[in-house]
Each structure stands twice: as C-alpha cells, then as structure tokens.
Amino acid sequence: MRIAVHFYSYFKELTGCERTSVELPPESRLSDLYQKLITQFPKLAAMEKSTLIAVGVDYQTRDYVLKPGDEVSLFPPVQGG
Amino acid sequence: MRIAVHFYSYFKELTGCERTSVELPPESRLSDLYQKLITQFPKLAAMEKSTLIAVGVDYQTRDYVLKPGDEVSLFPPVQGG
Amino acid sequence: MKRSLEITRDRIDEAALIAQRQLSTEMGAVIYFVGVVRGLEGDVQISAIDYEAFQKMAEHQFQLLFDQMEKRWPIESVRLMHRIGVVKVNEPSLWVEIIAPHRGEAFAACQWLIDEMKRVVPIWKKPV
Amino acid sequence: MKRSLEITRDRIDEAALIAQRQLSTEMGAVIYFVGVVRGLEGDVQISAIDYEAFQKMAEHQFQLLFDQMEKRWPIESVRLMHRIGVVKVNEPSLWVEIIAPHRGEAFAACQWLIDEMKRVVPIWKKPV
C-alpha cells in the first residue's frame, strides 16, 4: 500500500519536501514507515526523539498499524500561542 | 481625647449609626475603644470575632495606641468583586 | 509598574479600556478578569448588588496590593476598575487587566490580586 | 458548553468579540487571555512571527481539549481565536475567553487550555 506523508514546520526545510508517499507492505506499522523516511531523509534522524506523528488528525504511537488511505504527518514540537 | 468612629456596611444597621465619637483617656488602645463601643452598641458584641478595625486607611490590631485625631472605622469582613 | 485604579459609579466600558491599552514590545501576555453580578445570592434570586466602599481606604489598600505585586512579579502594568452603587445582574462589577512578559506571572498575579482584594479591600455588597 | 473556534489570518478584533459576549445570569467570571507577539525571540530582535498550522488537525485537537474542559469544569462558554500567517510584534496572536460561574474554575480552565494547546495543537512559529 502507498501511504501519503506530510511534513510541517521546519521538517519541510529539513527534508526539502512538503508531501511525499511511501510504499509499504500491508500491516506495516508507523515505525516501519518512519524507518523508510529516515533512509530517504537522513536529516530527520537527529530529530527522532522530538518528532510527533499523526495519522489523519490524531496523534499515534509508533506501533500504530497503517491502513490504506491513512495520511501521515510528521512535525516538530508544537508552539502555538 | 475624643476619637471619631465610623461604621460601614451592615454595622451601620446593627448600630443604627454611621458615625459617632468616643471620649477616652490619653494612651487608650483600640481594645479600650472597642469595649466602650460594645457598651454603647451591644449588638456589635456578637460580631466581635469577625470585626475589622482600621485607623485612618490602615488596619490595626487591638493593641494599637490611639492618638488625638485618629479616625477609627469598624466593619464586617469585606466582599469586593 | 504602571497602575491605574478607579472605584467608580460609572459603567465599565471594556472596549474603551482595551482601546487605551499600551504594552511595550517585550510583553507577551495580557489577562483580563471580569467579575459579573450573578442572579443568585446563595439561594435567593436577586436583581442587582449595591456595592458600598470605604473609598479612601479601599484605594489605599489596592495601592498596597499593587506595591506587593510589583515586588513579586515582573508586571508591566495593572489596571483595575471596581464599580460601587447599584450594579445589575449580568453587568461587570470588577475589571482587572494585567500585562506581563509571560502568562505564568500574569495569571499568578491576577489571581493573587483578586484573592487579596477579597481579604483586605473595604468594599461590601448588599443584594437588591 | 458553548464553543467557538477560529484559526484565521484575520486580525483579532477584541472589541467586536467582547460585544458579542453572551452570558447567562448564573455566570460570575469572565477571563480573557491575550497572547501577544514579543519583540525578542531568545536574544534575537524580531519584527513578526509567521504562524503555520496543520489546520484540520489543529481544529480537531482544540475540540478534544474543549471536550476535556467540559468534563472537568462547569464552563458555560469557551471562545478561542488563533491567528496564522504573519503577526507583527505587539499584535495578539491568541485570544481566549472563558465564562464560568466562579473565578476559580475560569482561571484553572484557561491556564489548562493554554498549557495543553502548547503541547498538542499543531501550530508552529517562525520568527520574521
């Protein structure tokens, strides 16, 4: 399955990318997707501890099992206000 | 010396008085004044624990030594806001 | 710390007060507290509250509280307005503005000020 | 609990928002928090902040916070406006109004909401 990935805030500059998609086997987890992304965008690795990941409009942990049609977003700590 | 006394809030209704004055010997304390006031306005006695006393615009404790010209105010707990 | 204090029979015009707001470029937090007269006093329906103040002492006690605030928090400005006389249900009786660099000190100072006001500032209410 | 949420490029018109305020006769406390862009970001002088939001998720996360607020405190109404895009130094980027019966719950809910917003609502800033 092909999973759409969005980057926000300075992750766009870090990756040089706003939106990409990643091909993954069925039943893949967010952690699998994340590993693929780090290979593709090595600069993400340094931010691993602070990276937030959402599927759709909800936060998910790395063991979340991806479904076709999921839209994944990666971004640094939020700073509203 | 003659000390002016003001009552505020429902102490005015309790005493039926807004303003009075009390004759006291020199060096009298607020506690002496208070005892005289209770004799004059017995309904004040029931409020003794919650009565606040100011001299001029500052709170004072009962051992405050009165001076000629002092203006004393007695009132119940405050309720601003 | 800039201070503005008014104990007044006038209505509180929030929009006008906000239009007069001044804050330096280092300020990041503005807090307003608006105290409004409630329709129930205990179990009893009321239509208004009649506020009485020992005005000279109330002003002095507010200034003492501002002195303490200034020592305790890096507040740039406090403005406070308290109505006296008859204030109808649903109308503001108290308006407080605190301007500070960050929200932590602004919230702390604002809550402290209102708590202390209710302890020491000689204002009383009578339901109408 | 009444809710109003706007994540917008428009300026925050405090006077207009206050003019639209509605509160029932049992409400005694209204709190406003106004977050203002500061001229220093760390040690660096800036002229504005450019706010970016993942808007759909930001709205959803605010609604989740409102859900929790509603369970936790007897709040009658919350209104929140957050600007995105370029907000100049000295201009409000965030406006929050909480209406509650008493000030205790209004202050607690307002502080909690802002703390949680800064933890979960996907909005970011870039100094300009």
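First the proteins, then the strands, lettered A, B, ... as listed; each starts at 1.
For C:Y51 and C:R9, the side-chain atoms include no donor-acceptor pair closer than 3.5 Å. B:E71 and B:H6 are linked by a side-chain donor-acceptor pair at a separation below 3.5 angstrom, with hydrogens and angles left out of the test. Side-chain contact of C:E59 with C:Q55: a donor-acceptor pair under 3.5 Å is present, judged by distance alone. Residues B:S9 and C:E52 have side chains that never bring a donor and an acceptor to within less than 3.5 angstrom of each other. Looking at C:R83 and C:S93, their side chains never bring a donor and an acceptor atom within 3.5 Å of each other.
For a residue to count as touching a neighbouring chain, one of its non-hydrogen atoms must lie under 4.5 Å from one of that chain's; by this rule C:I49 does not touch chain B. Both the backbone and the side chain of B:Y59 come within less than 4.5 Å of a heavy atom in chain C. Proximity to chain B involves both the backbone and the side chain of C:V120, based on heavy atoms less than 4.5 angstrom apart. Contacts between C:L94 and chain B at a heavy-atom distance below 4.5 Å involve the side chain alone, from C-beta outward. Only the side chain of B:E13 comes within contact range of chain C, with at least one heavy atom under 4.5 Å from a heavy atom of that chain.
Interface remark: of the candidates C:A58, C:P122, C:G35, C:P122 forms the most heavy-atom pairs closer than 4.5 Å to chain B.
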